[in-house]
Amino acid sequence: MIDGTARAWGWVAHLRDGGTTPWAAWSGTADPGGEVVPGAQQLELLRRLNDGGRPSSALVDRVLAADPPRRSRPALPLLDGHPDLGHGPRPVDPATLGDVELARLAGVLLAGDLVTRTPPPPPRSWRRPWRIRYELLGDPEHVGALRRHLAARGRPEGGVGPVLVLGTATDRMLVDVWTAHCFRHGSVPWSDWLDRRASRGALPSSVQLARLARVAADRITSRRVTVVTDPSRAARLLGVRRGPAVTQPAAAAVDLGRRISGALRPLARPQDRARLVTGVLRPALADAPGLPLLVPDRHRAWVADEAARLHDQLRAGRYPVLGDPSLVLPVQRAGVEEPDIAESLALALRMLRSEELREPVKEES
């Protein structure tokens with residue numbers, strides 16, 4: 001009878017060499033290669049990596065030494081690969097681990113890659129003394145993109161001036177709020193987040209456009225408040241001919257981004273984390289294939305009611321609206337109602353193999 005521990009170390013050696021044989025089909029043995037056999041999550045993730053090409057030896061070492069994410073299951077022993085102690089985590093066949101479990105561990109590894117990068121410096125440009133002072137509120141994806149676009153052109157936000165409240169179709173604004181949460185500090189899954197939001201009965205405060213405009217208009221320091229339902233027209237109000245192109249990332253990219261951002265929290269200071277996410281992670285995920293998120297069918301009636309209420313409030317408000325107020329009503333668009341965890345894991349494996357989030361190795365001159 002083959003010793004289980006020797007069989008486990010044999011599988012570890014096989015995977016280190018780029019092998020892809022599943023644990024259940026493995027029968028070879030080897031001498032111990034360390035103090036303890038790596039966990040089932042780490043070994044199965046390495047096997048999946050090997051399926052797509054030979055990872056670097058440094059990546060193999062990082063995978064086998066990785067700790068599962070916080071609030072997740074600890075490293076799990078291999079079924080028939082360890083003596084059953086009768087306590088602690090139950091042994092598992094790695095092939096039975098779900099993609100969610102592996103994507104969590106991949107997110108931890110990618111966060112470890114990301115933290116090796118030097119945070120990009122904030123955009124610096126000569127501040128134009130004649131620039132328009134302004135404040136941006138509203139949809140966080142459009143606000144963040146326009147804020148960065150203007151700051152890079154010597155027009156940073158601040159000072160007493162016009163207030164622009166940016167919005168778009170209400171269903172997209174909900175996706176944008178969740179997306180911003182995911183990349184800022186991680187978030188709960190899309191369906192959980194939206195279920196909780198719908199149970200409260202009101203839109204998130206950051207996209208209650210009429211309320212934001214009303215509060216801003218009541219401030220003594222506000223010069224002029226304008227609600228902009230067509231964000232592509234906002235830059236011209238602030239002296240710039242063209243604004244940024246704001247596209248929705250693929251659902252799988254946002255799902256992976258939330259896992260990486262959550263794992264990054266204990267690894268980097270808030271200001272460094274923000275620059276790493278904005279300057280490195282989001283550009284790396286921007287071109288990921290796949291469709292963006294949609295509001296699921298079960299919540300569309302609620303979104304339609306909230307959008308109609310917002311539309312009526314904008315039409316009755318005492319502040320100008322740039323763009324048609326009806327642009328806040330939901331529209332038909334292509335997308336998916338949930339991120340596909342298989343796509344998220346496939347994207348994570350590709351990024352791990354390419355090591356595109358790690359600090360590039362400087363060649364010696």
Evaluation steps, side-chain contact (heavy atoms from CB on, under 4.5 Å), between Q42 and L46: CA-CA 6 Å; Q42 292 90 332; L46 178 55; over 6 Å; no
Do the side chains of [Y] and [X] get nearer than 4.5 Å, heavy atoms only?
{"X": "C182", "Y": "W193", "answer": "no"}
{"X": "P91", "Y": "D80", "answer": "no"}
{"X": "W9", "Y": "V37", "answer": "yes"}
{"X": "R300", "Y": "V295", "answer": "yes"}
{"X": "L256", "Y": "M351", "answer": "yes"}
{"X": "L136", "Y": "L238", "answer": "yes"}
{"X": "L357", "Y": "L281", "answer": "yes"}
{"X": "R117", "Y": "R358", "answer": "no"}

Is any side-chain N of the basic residue among [X] and [Y] closer than 4.0 Å to the acidic one's carboxylate O?
{"X": "R298", "Y": "E337", "answer": "no"}
{"X": "D218", "Y": "R318", "answer": "yes"}
{"X": "R172", "Y": "D139", "answer": "no"}

Could you give the side-chain donor-acceptor pairs of residues 307-314 under 3.5 Å, partners two or more places apart or in another chain?
| unit_1 | atom_1 | unit_2 | atom_2 | d |
| --- | --- | --- | --- | --- |
| R309 | NH1 | E306 | OE1 | 3.4 |
| R309 | NH1 | E306 | OE2 | 2.4 |

Test salt bridge (Lys or Arg N to Asp or Glu O under 4.0 Å) applied to R275 and D272, step by step: CA-CA 5 Å; R275 294 206 298 271; D272 292 340; 3.4 Å; yes
L105, D67, V63 screened by side-chain contact (heavy atoms from CB on, under 4.5 Å) with Q41, the one that passes: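 Considering L105, D67, V63, a side-chain contact (heavy atoms from CB on, under 4.5 Å) with Q41 is found only for L105.
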Indicate yes or no for a side-chain donor-acceptor contact from [X] to the backbone of [Y] under 3.5 Å, with no hydrogens or angles considered.
{"X": "T116", "Y": "D113", "result": "yes"}
{"X": "R273", "Y": "S261", "result": "no"}
{"X": "W178", "Y": "V188", "result": "yes"}
{"X": "R131", "Y": "R155", "result": "no"}
{"X": "R224", "Y": "P162", "result": "no"}
{"X": "W23", "Y": "L79", "result": "yes"}
{"X": "T229", "Y": "D324", "result": "yes"}
{"X": "Y134", "Y": "G161", "result": "no"}
{"X": "D17", "Y": "G19", "result": "no"}
{"X": "H14", "Y": "T21", "result": "yes"}

[X] atom [atom1], neighbour heavy-atom count above 12 within 6.0 Å:
{"X": "R350", "atom1": "CZ", "answer": "yes"}
{"X": "D287", "atom1": "CG", "answer": "no"}
{"X": "Q271", "atom1": "CD", "answer": "yes"}

side-chain hydrogen bond (donor to acceptor under 3.5 Å, both in side chains) against R353, all qualifying residues, sequence neighbours excluded: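 For R353 there are no side-chain hydrogen bond (donor to acceptor under 3.5 Å, both in side chains) partners, ignoring immediate neighbours.
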Partners meeting side-chain hydrogen bond (donor to acceptor under 3.5 Å, both in side chains) with S344 (sequence neighbours left out):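 Partners of S344 by the side-chain hydrogen bond (donor to acceptor under 3.5 Å, both in side chains) criterion, ordered by chain and then number, come out as D255.
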Which pair of non-hydrogen atoms, one from [X] and one from [Y], has the smallest distance, and what is that distance?
{"X": "P330", "Y": "D171", "answer": "CA-OD1, 3.6 Å"}
{"X": "V331", "Y": "A169", "answer": "CG2-CB, 4.4 Å"}
{"X": "A106", "Y": "A348", "answer": "CB-CB, 3.7 Å"}

What is the distance from atom [atom1] of [X] to atom [atom2] of [Y], rounded to the nearest 0.5 Å?
{"X": "L166", "Y": "M173", "atom1": "CG", "atom2": "CE", "value": "10.5 Å"}
{"X": "R104", "Y": "L109", "atom1": "CZ", "atom2": "CG", "value": "14.5 Å"}
{"X": "L349", "Y": "L49", "atom1": "CG", "atom2": "CG", "value": "5.0 Å"}
{"X": "L137", "Y": "L164", "atom1": "CG", "atom2": "CG", "value": "8.5 Å"}
{"X": "L15", "Y": "T20", "atom1": "CG", "atom2": "OG1", "value": "8.5 Å"}
{"X": "L43", "Y": "R16", "atom1": "CG", "atom2": "CZ", "value": "10.0 Å"}

Please say yes or no: joined through hydrophobic side-chain contacts below 4.5 Å, possibly via intermediate residues, are [X] and [Y] part of one cluster?
{"X": "L203", "Y": "L327", "answer": "no"}
{"X": "L294", "Y": "L174", "answer": "no"}
{"X": "L285", "Y": "I341", "answer": "no"}
{"X": "L209", "Y": "V246", "answer": "no"}
{"X": "W302", "Y": "V328", "answer": "yes"}

Given R184, R147, R148, R282, the one that forms salt bridge (charged side-chain N to carboxylate O under 4.0 Å, His left out) with E141: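 Filter result, single survivor: R282.
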Verdict with supporting geometry, V175 and W190, side-chain contact (heavy atoms from CB on, under 4.5 Å): CA-CA 8 Å; V175 176; W190 165 241; 3.7 Å; yes
R197 vs V177, side-chain contact (heavy atoms from CB on, under 4.5 Å): CA-CA, chis, key distance, verdict: CA-CA 11 Å; R197 176 54 57 186; V177 172; over 6 Å; no
Trace of the side-chain contact (heavy atoms from CB on, under 4.5 Å) decision for R48 with L345: CA-CA 10 Å; R48 299 281 192 97; L345 178 57; 3.4 Å; yes
